[in-house]
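The next block holds one structure in the form of structure tokens; read it before the comments.
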Amino acid sequence: MSYTALYRKFRPQEFTDVKGQEHIVTTLKNQIAAERIGHAYLFCGTRGTGKTTIAKIFAKAVNCEHPVEGSPCGECPVCSGIASGTSMNVIEIDAASNNSVDNIRQIREEVEYRPTEGRYKVYIIDEVHMLSIGAFNALLKTLEEPPSYVIFILATTEAHKIPITILSRCQRYDFRRISIDTIAMRLSDLMKAEQIAVEEKAIRYIAKVADGSMRDALSLLDQCIAFYLGEELTYDKVLETLGAVDTEVFGRLLRQILEKNVMRAVRILEEMIMEGRELGQFVADFTWYMRNLMLVQSSENMEDVLDLSAENLALLKEEAKLVDEETLMRYIRIFSELGSQIKYASQKRILIEIAVIKLCKPEMEQDCLSLAERIGNLEKQMEKGLVAAANLAMQSATEGGFSGLQNTSVEKPELPKAIPEDIRQVIANWDKILSQLMGLAKGYLKKALKSLGANGELLLVFDDKNAYDYVTENRASCQDDLKAAVAEYIGKQIEIQVRKNDTGHSKEEVYPDLSQLIQMEIEEEEF
């Protein structure tokens, strides 16, 4: 016997089985019990919220031989026939593929014949918004004056596309998105019935990803169970199957963005991509994470709104203190725009990387929030610049360095008259030496200012934080390879020191540039 998907196997057969749409179920049951049944209904709502399911239960209830308080008994021949799909009184039509005038004319001809069994002939037209204008006009007359034994149930996910003339002739019912708690409770009950062990945290994550759709939740759960057949389904296994990302990664990414560290932020993205995470889901989840941060900032009592464990909520509150509200709103705007762009993009990774760079560099944008963040960053840099300048002066005095700073002005240190010959050769042939290196190391080292250390070593100074981080973190591919290239070119080993310029001034103002001072003819080489 072939396998039946969970959403089909556990499709509700009675009104009591329907979850999350109590306002609609109660109304329909009361209509049936009081025999105040309408001739046309319009069911509106997002996918997987129960429109077609309730339509079929309603069709059974109005034709049931032994209804119980408005619900079908589920046992009489009429109920059994409708449930198995063999009843001639319930006609399901897919308007997406049957949307012409001729299809509606066929319905108009069929409604002249009374039902062969039961009281009503029920037409369920799914995705009714797909009908053509001509088909809607052809349906209009039948909806206005249908035979007493005919009921039309129109289902749609896009009610705004239906003509007002059709809407005015139907009782409209709006299906709500099903809450995470309701979906999680239903999934837990079904897993107990199936005798499958599933971690509660895993079920709640699937319920959240389903975005209010019970059918989507069951399909996702089915997929995860199939991947780990015979094993307990844990939260980590669900993340791996769905290509999702744990919230701990979001915290790491946020910290790198706040530090304006593009390289490390992109590296976190690279890790997720190599692990096979789904990029569209990452964008949605990171936007949701930032939304939670904003809610935590807005009020102290958000426990009921945020569907998080006590541990994750405490961590979220700590992370919310790292970022101000205006900056967070800019982040959410950028990722919300990205979410609409990435759905049909062929280069999702590039779009995400651009968005992350925008978060790190507000100067790339011209809106008010970005300008405010840029001003705030400049104020912080000015404050740090004074402290850094004072620290550099103290360090120079202690180490017997070049010279200190007076207030915020900087005086370049004087170089010794006798610059070591090996350093002269390295500077004179710098571009030729770099041409022997590979990858990013070559590009980042080219950004360095070449100066002389206190002990006669080659001093490489960086203004660019990303370049400094890369050169220091990738010592083997940068500094060690550079030393090897120098030794091969000039026949001598030299010492290299790497320094980041934190003075608040440009590196050219603080450190003497050997390339400018050494009176040698230096050839610029393109590579």
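A quick note: this is a predicted structure, and the numbers were derived from the prediction, not measured. We count residues from 1, following the sequence as given.
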Practice task
Answer yes or no: is there a donor N or O on one side and an acceptor on the other, between the side chain of R330 and the main chain of L359, under 3.5 Å?
Solution key: yes
Handout entry: Between CD1 on residue I334 and CE on residue M329, distance to nearest 0.5 Å
Key = 12.5 Å
Problem - Side chain to side chain, L242 and E278, heavy atoms closer than 4.5 Å - result: no
Practice task
Quick one: do R349 and E353 satisfy salt bridge (Lys or Arg N to Asp or Glu O under 4.0 Å)? Show the steps, please.
Solution key: CA-CA 6 Å; R349 175 176 179 172; E353 288 175 343; 3.1 Å; yes
Problem - Side chain to side chain, I24 and F175, heavy atoms closer than 4.5 Å - result: yes
Handout entry: E319 side chain reached by R255 side chain, heavy atoms, under 4.5 Å
Key = yes
Below 3.5 Å, can you tabulate the donor-acceptor pairs from side chains in residues 211-220 to any protein atom, sequence neighbours excluded?
unit_1	atom_1	unit_2	atom_2	d
D211	OD1	R177	NH1	3.4
D211	OD2	R177	NH1	3.1
S213	OG	R47	O	3.2
S213	OG	D216	N	3.1
S213	OG	D216	OD1	3.4
D216	OD2	R47	NE	2.7
D216	OD2	R47	NH2	2.9
S219	OG	R215	O	3.1

Problem - Pairwise side-chain contact, L131 with N99, heavy-atom cut-off 4.5 Å (strictly under) - result: yes
Handout entry: R264 atom CZ: more than 12 heavy-atom contacts under 6.0 Å
Key = yes
Handout entry: For the student: nearest non-hydrogen atoms of M294 and L328, plus distance
Key = N-CD2, 3.4 Å
Practice task
Might you work through the side-chain hydrogen bond (donor to acceptor under 3.5 Å, both in side chains) test for D285 and Y205, ending with a clear yes or no?
Solution key: CA-CA 11 Å; D285 286 350; Y205 182 79; 3.0 Å; yes
Exercise for the section: To the nearest 0.5 Å, tell me how far F335 CZ sits from I342 CD1. Expected result: 8.5 Å
Exercise for the section: Check salt bridge (Lys or Arg N to Asp or Glu O under 4.0 Å) between E318 and all other residues, then give those that pass, not counting sequence neighbours. Expected result: K321
Practice task
State, yes or no, whether a side-chain contact exists between V209 and Q281 at a heavy-atom distance under 4.5 Å.
Solution key: yes
Practice task
Find the distance between NZ (K442) and CD (Q436) and round it off to the nearest 0.5 Å.
Solution key: 10.0 Å
Exercise for the section: Specify whether F286 and F250 have parallel, tilted or perpendicular ring planes, treating 30° as the upper limit for parallel and 60° as the lower limit for perpendicular. Expected result: tilted
Problem - Non-hydrogen side-chain atoms of L458 and L452 separated by less than 4.5 Å - result: no
Problem - Side-chain touch L190/L6, heavy atoms, less than 4.5 angstrom - result: no
Problem - Check: Q425/N429 side-chain N/O donor and acceptor closer than 3.5 Å - result: no
Problem - Atom CD of E200: over 12 foreign heavy atoms under 6.0 Å - result: no
Fill in the blank from the handout: Taken to the nearest 0.5 Å, the spacing of K19 NZ from S179 OG works out to 11.5 Å
Handout entry: Heavy-atom neighbours of E473 CD exceed 12 at 6.0 Å
Key = yes
Practice task
Mark yes or no for whether H23, through its side chain, and Y173, through its backbone, hold a donor-acceptor pair below 3.5 Å.
Solution key: no
Handout entry: Cationic N near anionic O, under 4.0 Å, E271 to R252
Key = yes
Review item, side-chain donor-acceptor pairs of residues 225-232, under 3.5 Å, at least two apart:
unit_1	atom_1	unit_2	atom_2	d
Y228	OH	E240	OE1	2.9
E231	OE1	K237	NZ	2.9

Practice task
Flag the pair I332 / Y289 as yes when at least one side-chain heavy-atom distance between them is below 4.5 Å, and no otherwise.
Solution key: no
Completion exercise
The reported gap from CG in D502 to CG in D463 (rounded to nearest 0.5 angstrom) is 9.5 Å
Exercise for the section: Mind checking the CD1-CG spacing from I164 to L167? Nearest 0.5 Å is all I need. Expected result: 5.0 Å
